[in-house]
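Have a look at the structure below before the remarks.
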Amino acid sequence: MKFLEYTPLDRLNDFLSHVNFGERTIKGCLEAYSCKHTGTDKKMSLSLEHEILDYLGKSSDTDSSSPAEYLLSRSSRKTLIYLVLTLYHMYPDYDFSLVRAHEFFTEESWDSFKQIFETYMFEASKEWIETNGGNSLLETLYKALDEVVKLSECEIYSYNPDCDVDPFLEKGSIWSFNFFFYNRKLKRVVSFRFCCISNLVADGFLMDELCYEDEGEIFDDMDM
């Protein structure tokens, strides 16, 4: 996997790096990768493939919607491996469990992504128009993604791990979404993660306030 630089993504990343709304901040980041193996990717890819096959050999689940059924297809296994490799390149110090990763990957449509984006990024979209004018934030995002991975040819996946194993979550996170736009023909993937963070928790104000309240309760019980 190789990180790819694209100016349209840079413009969006500059805006989404820190959209402050007082008590909360919305942040987002887009990263593009080539799926061609580099460095240790080939070795890691083979290791992931062996783990998948081992998992299939031990699985007795025949449900058509189960991980085992999905992974019987070599193309599906290849897609999963590319997405997991993308995660490893995004967070090289984090250990992603293969089976857990598969269970969290869900195929999406542009309409379902659009609905989530318009709901949770409503305030950021207003700020974008006020700052940049012209096309909406969603339209700008669509054009940028289309330029990099040709959306009409893309498969869209979401990644929704448990909170305790989510490398994307930051301190004070209120909500977080992670999407992957994968073009099989171009062998290219774009990751897009966006989240909302409580500034009170992130800055420690809420914790300080709670500590102060606890101390007050202690002194209330003391005879002065």
Side-chain angles (χ1 to χ4, degrees), residues 1 4 6 8-9 11-13 15-16 19 26-35 52 61 63-87 89-90 96 98-126 128-129 135-163 165-169 173-196:
M1 308 288 287
L4 304 173
Y6 285 96
L9 299 185
R11 183 188 177 207
L12 285 162
N13 283 332
F15 171 75
L16 292 171
V19 189
I26 289 178
K27 300 171 70 175
C29 183
L30 293 124
E31 295 182 13
Y33 291 89
S34 165
C35 295
I52 293 174
D61 196 341
D63 186 342
S64 61
S65 63
S66 74
E69 184 69 20
Y70 173 86
L71 292 171
L72 286 174
S73 164
R74 176 161 174 73
S75 63
S76 295
R77 296 200 301 272
K78 198 170 184 180
T79 297
L80 174 60
I81 288 171
Y82 282 144
L83 296 178
V84 174
L85 286 176
T86 301
L87 288 170
H89 279 270
M90 292 166 63
F96 292 93
L98 177 66
V99 175
R100 289 182 70 92
H102 164 72
E103 291 172 347
F104 291 128
F105 283 121
T106 305
E107 193 164 2
E108 306 281 357
S109 67
W110 174 259
D111 286 341
S112 62
F113 166 79
K114 178 182 176 182
Q115 184 175 3
I116 291 172
F117 184 89
E118 289 182 331
T119 300
Y120 288 88
M121 297 291 279
F122 176 75
E123 290 178 306
S125 298
K126 287 177 61 178
W128 170 270
I129 290 294
N135 292 331
S136 69
L137 180 58
L138 181 62
E139 290 171 332
T140 305
L141 174 65
Y142 184 97
K143 289 183 178 180
L145 288 171
D146 194 47
E147 180 177 333
V148 178
V149 285
K150 297 188 184 300
L151 282 174
S152 62
E153 302 175 0
C154 268
E155 300 164 16
I156 304 174
Y157 295 88
S158 62
Y159 179 61
N160 305 295
D162 293 333
C163 291
V165 291
D166 188 353
F168 299 97
L169 284 183
S173 180
I174 299 172
W175 50 258
S176 176
F177 293 95
N178 316 287
F179 287 91
F180 295 87
F181 301 83
Y182 170 56
N183 187 309
R184 193 182 298 271
K185 294 180 182 178
L186 294 177
K187 290 189 175 181
R188 195 177 298 165
V189 60
V190 173
S191 70
F192 179 34
R193 54 194 184 276
F194 51 102
C195 64
C196 180

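- Other residues, nucleotides and ligands contribute more than 12 heavy atoms inside 6.0 Å of the OH atom of Y6.
- Across all non-hydrogen atoms, the minimal contact from A144 to P8 is CB-CB, 3.8 Å.
- Between the side chains of T79 and R184, at least one donor N or O sits under 3.5 Å from an acceptor N or O.
- Within the model, atoms NZ of K27 and OG of S176 stand 11.0 Å from one another, a figure rounded to the nearest 0.5 Å.
- The shortest heavy-atom contact between N135 and W128 is O-NE1, 3.0 Å.
- Residue L12 holds its CG atom at 7.5 Å from CZ of F192, rounded to the nearest 0.5 Å.
- We find the CD1-CZ distance between I26 and F15 to be 8.5 Å, quoted to the nearest 0.5 Å.
- The six-membered or imidazole ring of F194 lies near that of F177, with a centre-to-centre distance under 6.0 Å.
- Residue L9 holds its CG atom at 9.5 Å from CG of L4, rounded to the nearest 0.5 Å.
- Although no hydrogens or angles enter the test, the distance criterion places no donor-acceptor pair under 3.5 Å between the side chain of N183 and the main chain of R188.
- Here the shortest heavy-atom pairing between T119 and Q115 reads OG1-O, 2.8 Å.
- Looking at heavy atoms from C-beta onward, E155 lies out of side-chain contact with F180 at the 4.5 angstrom threshold.
- Side-chain polar atoms of S191 and E31 form no donor-acceptor pair below 3.5 angstrom.
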Test side-chain contact (heavy atoms from CB on, under 4.5 Å) on W175 and I116 and set out the steps.
-> CA-CA 12 Å; W175 50 258; I116 291 172; over 6 Å; no
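- Using bins of under 30°, 30° to 60° and over 60° for the plane-to-plane angle, the ring pair Y82/Y182 lands in the tilted bin.
- Between the side chain of N178 and the backbone N or O of R193 there is no donor-acceptor pair closer than 3.5 Å.
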Using the side-chain contact (heavy atoms from CB on, under 4.5 Å) rule, take F117 and L141 through it: C-alpha gap first, then chi angles, then the decisive distance, then the call.
-> CA-CA 10 Å; F117 184 89; L141 174 65; 3.8 Å; yes
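- Residues F122 and K126 form a side-chain contact, since some pair of their non-hydrogen atoms from C-beta on lies under 4.5 Å apart.
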For E118 and L138, what are the C-alpha separation, side-chain angles and deciding distance, and is it a side-chain contact (heavy atoms from CB on, under 4.5 Å)?
-> CA-CA 8 Å; E118 289 182 331; L138 181 62; 3.5 Å; yes
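- Taking both residues in full, the closest heavy atoms of V148 and A32 are given as CG1-CB, 4.0 Å, listed atom of the first, atom of the second, then distance.
- Residues V189 and L83 meet the side-chain proximity criterion, which asks for heavy atoms closer than 4.5 Å.
- You'll find the side chain of V19 stays beyond 4.5 Å of the side chain of M121, heavy atoms only.
- Proximity of a side-chain donor or acceptor of T140 to a complementary backbone N or O of S136 within less than 3.5 Å is detected.
- Looking at every heavy atom in both residues, S152 comes nearest to D146 through N-OD1, 4.4 Å.
- Classification of the F113-F181 ring pair by plane angle, with boundaries at 30° and 60°, yields perpendicular.
- Between V149 and C154, the shortest heavy-atom distance links the atoms O-SG, 3.3 Å.
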